[in-house]
Amino acid sequence: MPTPRLVAFDLDDTLAPSKSAIDPRIGELLLALAERVEVAIISGGQLAQFTAQVVDLLPETDGDHLAHFHLLPTCGTQYYRISPAGIETIYARTLSDDQKQRAVAAVEGEARRLGLWESETWGPILEDRGSQITFSALGQQAPVDAKTAWDPTGEKKNSLREAVQALLPDLEVRSGGSTSVDITERGIDKAYGMNRLAEQTGIPLGDMLFVGDRLDENGNDYPVLAMGVECHAVEGWHDTAAFLETLIPTLPAR
């Protein structure tokens, strides 16, 4: 592919373990990358995850480098930039109260019917992320090993997604992270976010590179691959770090 002008990343299990902080090695590599190209992070998570897992843990640097970061929570229905004054909102879409109420009722009802509503969890199972309702089977703060063991094949998540989608034809129900299902407006996925990123930056999709761990057909990164963006698959942050250590020296400095 041509030299990318922008490199976009999934967050959980790409830059860091699920809901966990980035390793200092990743922080250093992201800043080194931002010295050469635009850097975007796009995930189903909310802004608080982006700040706690990544932004607050970046090595100290000047505002020039941070200005090249683009944050797209909830698959790009929200878009933020980093400035000397802090994180600035570029736009943020939200679901209506009616959409939120129907989404919460449907996902809780179907999870209980299918025997997927767990009694012992780490934090809330349901979360209102403004533009997205998220179901996390074991709670928002569940440890990685518990989440990995809960649904290793994805069968539980997929059965819940299908059942909820049948009840919410006007909304989009997608498999999210390892134990989560996300509900948004129709047509909202990471391809939506990448298109908005292209509009906001003026950088064509053909000049972008996406790095993610779920590029398989049932994965939440797959829409980016399906839209024709150049993609690189990884299996965890160690893979991402090794890839960046190879990629960065090939990119021209600004």
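Not measured: the values here are computed from a predicted model. Side chains included, hydrogens not; waters and symmetry mates left out as well; all remaining heavy atoms used.
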With distance as the sole test, does Q99 use its side chain to make a donor-acceptor pair with the main-chain N or O of S96 at under 3.5 Å? yes
Tell me, with the steps shown, if F243 and H232 meet ring pair (Phe, Tyr, Trp, His ring centres under 6.0 Å). CA-CA 9 Å; F243 173 65; H232 180 82; 3.8 Å; yes
Salt bridge D216-R214, side-chain N to carboxylate O under 4.0 Å: yes
Answer yes or no: is there an ion pair linking R5 with D207, defined by an N-O contact shorter than 4.0 Å? yes
Is I133 reachable from I188 through a run of I, L, V, M, F, W or Y residues, each pair having side-chain heavy atoms under 4.5 Å apart? no
Measure the shortest side-chain to side-chain distance between M208 and E230 over non-hydrogen atoms and say whether it is less than 4.5 angstrom. no
Same hydrophobic cluster for L225 and L197, using side-chain heavy-atom links shorter than 4.5 Å among ILVMFWY? yes
Is it true that D189 and R174 have a side-chain N and a carboxylate O under 4.0 angstrom from each other? no
Run L6 and V37 through side chain to side chain contact (heavy atoms under 4.5 Å, CB included) and show every step you take. CA-CA 5 Å; L6 181 150; V37 298; 5.8 Å; no
Take S159 and L116 through the test side chain to side chain contact (heavy atoms under 4.5 Å, CB included) and record every step on the way to the result. CA-CA 10 Å; S159 65; L116 301 178; 4.2 Å; yes
Does a side-chain heavy-atom distance below 4.5 Å link W150 with K156? yes
Quick check on the hydrophobic clustering: are V164 and L114 connected, directly or via other members, by side-chain heavy-atom contacts under 4.5 Å? yes
Closer than 3.5 angstrom, by distance alone: can the side chain of T246 be matched with the main-chain N or O of A242 as a donor-acceptor pair? yes
Do L209 and I26 sit in one hydrophobic cluster, given that two such residues count as connected whenever their side-chain heavy atoms are within less than 4.5 Å of each other, even indirectly? yes
Side-chain (Q132) to main-chain (G44) donor-acceptor, under 3.5 angstrom: yes
Salt bridge flag under 4.0 Å for residues D170 and R186: no
For the atom pair CG (D213) and CD (E235), what is the distance rounded to the nearest 0.5 Å? 9.0 Å
Kindly give the heavy-atom pair with the smallest separation between Q140 and I125, and that separation in Å. NE2-O, 4.3 Å
Distance under 6.0 Å and angle within 45° of the ring axis: does R93 meet both against Y91? no
Between atom CZ of R102 and atom CG of L168, what is the distance when rounded to the nearest 0.5 Å? 6.0 Å
Looking only at heavy atoms, which two atoms of I22 and L58 are closest? And how far apart? CD1-CD2, 4.4 Å
With side chain to side chain contact (heavy atoms under 4.5 Å, CB included) as the criterion, how do V224 and C231 come out once you've worked through the C-alpha distance, each side chain's angles and the decisive distance to 0.1 Å? CA-CA 8 Å; V224 183; C231 292; 4.0 Å; yes
Report the distance from atom CD1 of I90 to atom CD of Q200, rounding to the nearest 0.5 Å. 6.5 Å
Taking side chain as C-beta onward, heavy atoms only, is L71 less than 4.5 Å from V55? yes
When every non-hydrogen atom of L11 is compared with those of S43, the smallest separation belongs to CB-CB, 3.8 Å
How long is the gap from NE2 on H68 to CG on L31, to the nearest 0.5 Å? 11.0 Å
Scan D12, N220, T134 and name whichever one has a side-chain contact (heavy atoms from CB on, under 4.5 Å) with S180. T134
With no hydrogens and no angle check, do the side chains of T179 and K157 hold a donor and an acceptor under 3.5 Å apart? no
Minimal non-hydrogen separation, L160 against A111, with atom names: CD1-N, 3.6 Å
Output yes when a side-chain donor or acceptor of Q78 lies under 3.5 Å from a complementary backbone atom of T89, and no otherwise. no
Inter-residue atom distance D23.CG - L29.CG, 0.5 Å rounding: 9.5 Å
So which heavy atom on G187 is nearest to which on Y192, and how close? O-CB, 3.6 Å
Is it true that R25 and E28 have a side-chain N and a carboxylate O under 4.0 angstrom from each other? no
Answer whether the closest heavy-atom distance between the side chains of F50 and I41 falls below 4.5 Å. yes
With a 4.5 Å heavy-atom cut-off, do W237 and T14 have their side chains touching? no
Indicate the atoms forming the closest heavy-atom contact of P124 with Q141, along with that distance. CD-OE1, 4.1 Å
Can you tell me if E199 has over 12 outside heavy atoms packed within less than 6.0 Å of its CD? yes
Using a 4.5 Å cut-off on heavy atoms from C-beta on, say whether the side chain of F210 contacts that of L215. yes
Check each of D182, V173, V107 against R161 using the side-chain contact (heavy atoms from CB on, under 4.5 Å) test, and report the only one that passes. V173
Less than 4.5 Å apart, side chain to side chain, heavy atoms only: is that true for E172 and I183? no
Flag the pair T3 / P252 as yes when at least one side-chain heavy-atom distance between them is below 4.5 Å, and no otherwise. yes
Would L15 and L30 count as a side chain to side chain contact (heavy atoms under 4.5 Å, CB included) if you check the C-alpha gap in whole Å, the side-chain angles of each, and the deciding distance to 0.1 Å? CA-CA 10 Å; L15 291 177; L30 289 176; 4.2 Å; yes
Approximate separation, where rounding is to 0.5 Å, of L251 CG and L33 CG: 6.5 Å
